Protein chains: 2
Amino acid sequence: MFEEVPAEMSEMRSPTRRRERVAAAPVAPVLADRLRAHGLRPTRQRVDLLHVLQAKGDRHVSAEVVYDEALRSGVSVSLATVYNTLKQFTEAGLLAELAVSGAKSFFDTRVDRHHHFYVEGEGAMIDLDLDDVRIERLPEPPAGMEVVGYDVVVRLRRKA
Amino acid sequence: MFEEVPAEMSEMRSPTRRRERVAAAPVAPVLADRLRAHGLRPTRQRVDLLHVLQAKGDRHVSAEVVYDEALRSGVSVSLATVYNTLKQFTEAGLLAELAVSGAKSFFDTRVDRHHHFYVEGEGAMIDLDLDDVRIERLPEPPAGMEVVGYDVVVRLRRKA
DNA sequence: ATCATTGCAAACGTTTTGCATTACA
DNA sequence: TGTAATGCAAAACGTTTGCAATGAT
């Protein structure tokens, strides 16, 4: 391994919690609307997965974690569908793909502009509000290009 | 695919160029010293791969690209050794691992502190001198942590 | 001579795909 | 009903590992 990366990056998994089939929960209509608003048909799996993703607030997840949590909460999906759905959600703007070093994909449930702390040696990422970082000087883009935005990763080390 | 990522990120491959066995070239002793200075035994493969990596100036490569270039320039290595060697080089500080979105590892031959442009849709990264970006305000690290540094990625889009 | 390094092939974990089935609109 | 989405298993990648052979000091 090039680096130890925890299954879920920014928090420990909280104790298992039994839950009704999410699709039947009262939040479902809201989720369905959110999906429609992003051009996605609100199928059972998409609603369920969106619910799983949102159930714990902002976080950084891998496909496997989402799959595990889905099963754990009684949602029936295949791993392939989780992968495909995360990809669709990302294309639709419901998720953002995180740039991390290593060979595994991570997704950020928070899609508004923000930055990150990165804890070295643990691979954990922590959200950083936009206001906590400010860039003073932005470089000139190469000819024919325009600047879309910038991402800052502040690297941390645990004090001895 | 989540995103098209070119085999080599920051430049197109230049036309194939026949070359002597690198280990026999006059640069070898220098490379060997560099390896020793970083605590690595200068084996033939390590010298050869270091030469391949440095042959084109600073760049962002994947294991596969390094492997291809090695074969193309007459260097005999196995893909497994390329992977292992890139990992060792990274640990030894001869390379830096790049944080990119996606499921593949990329390495930066430039190890001094610098930032990057990232061209959306092409996955290309372009080096940015440290002076071209300046951060005005750095956030307070969480308790028990200290800030080691920060990386900035300026995202670009090709103008229409 | 000794011990690190290598090569190879096989194992592994992650992600994608093909195709028959299901379910939304 | 027509079409998009799903499940599954299998394939396709990217990466690592085990072990015997090789090479550096």
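In this text the structure is predicted, and so the values were computed from the model without any measurement.
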*Indicate if B:L130 and B:V133 have the same hydrophobic cluster label, given that clusters are the connected sets of ILVMFWY residues with side-chain heavy-atom separations under 4.5 angstrom.*
no
*asked:* With a 3.5 Å distance limit and no angle check, can you tell me whether A:T85 reaches the backbone of A:R46 through a side-chain donor-acceptor pair?
replied: no
_Rounding to an integer number of Å, can you tell me how far A:R36 CZ sits from C:dC24 P?_
11 Å
*Between the side chain of B:E97 and the main-chain N/O of A:G102, is any donor-acceptor distance below 3.5 Å?*
yes
*Taking atom C1' of C:dA9 as reference, at what distance in whole Å does atom CG of B:L79 sit?*
12 Å
*State plainly whether the residues A:D151 and A:R113 are in salt-bridge range, i.e. N to O under 4.0 Å.*
yes
*Can you name the closest pair of heavy atoms from B:D129 and B:R110 and give their distance?*
OD1-NH2, 3.1 Å
*Nearest whole angstrom, please: distance from the P of D:dA24 to the CG of B:D48.*
11 Å
*OH of A:Y67 versus C1' of C:dT16: gap in Å, rounded?*
16 Å
*B:F89-B:H38 aromatic ring centre distance below 6.0 Å*: no
_Value in whole Å for how far the P atom of D:dT16 lies from CD of B:E91_ = 10 Å
*asked:* Between P on C:dA25 and CG on A:L35, what's the gap in Å once rounded to a whole number?
replied: 10 Å
Close N or O pairs between protein and nucleotides 2-8 of chain C (under 3.5 Å):
| residue | atom | partner | partner atom | Å |
| --- | --- | --- | --- | --- |
| C:dA4 | O4' | B:R41 | NH2 | 3.0 |
| C:dT5 | OP1 | B:R46 | NH2 | 2.4 |
| C:dT6 | OP1 | B:T43 | OG1 | 2.6 |
| C:dT6 | O3' | B:Q45 | NE2 | 2.4 |
| C:dG7 | OP1 | B:Q45 | NE2 | 2.8 |
| C:dG7 | OP1 | B:S76 | O | 3.4 |
| C:dG7 | OP2 | B:S78 | N | 3.4 |
| C:dG7 | OP2 | B:T81 | OG1 | 2.5 |

*A:L71 CG to D:dG7 C1': how many Å, rounded?*
13 Å
_Ignoring hydrogens, what is the shortest heavy-atom contact between B:F107 and B:L95? Give both atom names and the distance._
CB-CD1, 4.2 Å
*B:K87 has an atom NZ; how far is it from atom P of D:dT16, in whole Å?*
6 Å
*Will you find, in the side chains of A:D108 and A:H116, an N or O donor that is under 3.5 Å from an N or O acceptor?*
yes
*asked:* I'd like to know if the side chain of B:H60 reaches the main chain of B:L98, judged simply by a donor and an acceptor atom lying under 3.5 Å from each other, with no hydrogens or angles considered.
replied: no
*Report yes if a side-chain nitrogen or oxygen of A:Y83 is closer than 4.0 Å to either non-bridging phosphate oxygen (OP1 or OP2) of C:dT15; otherwise report no.*
yes
*Return the angle between end axes of the helix from C:dA1-D:dT25 to C:dA25-D:dT1, with five pairs used per end and rounding to 10°.*
40°
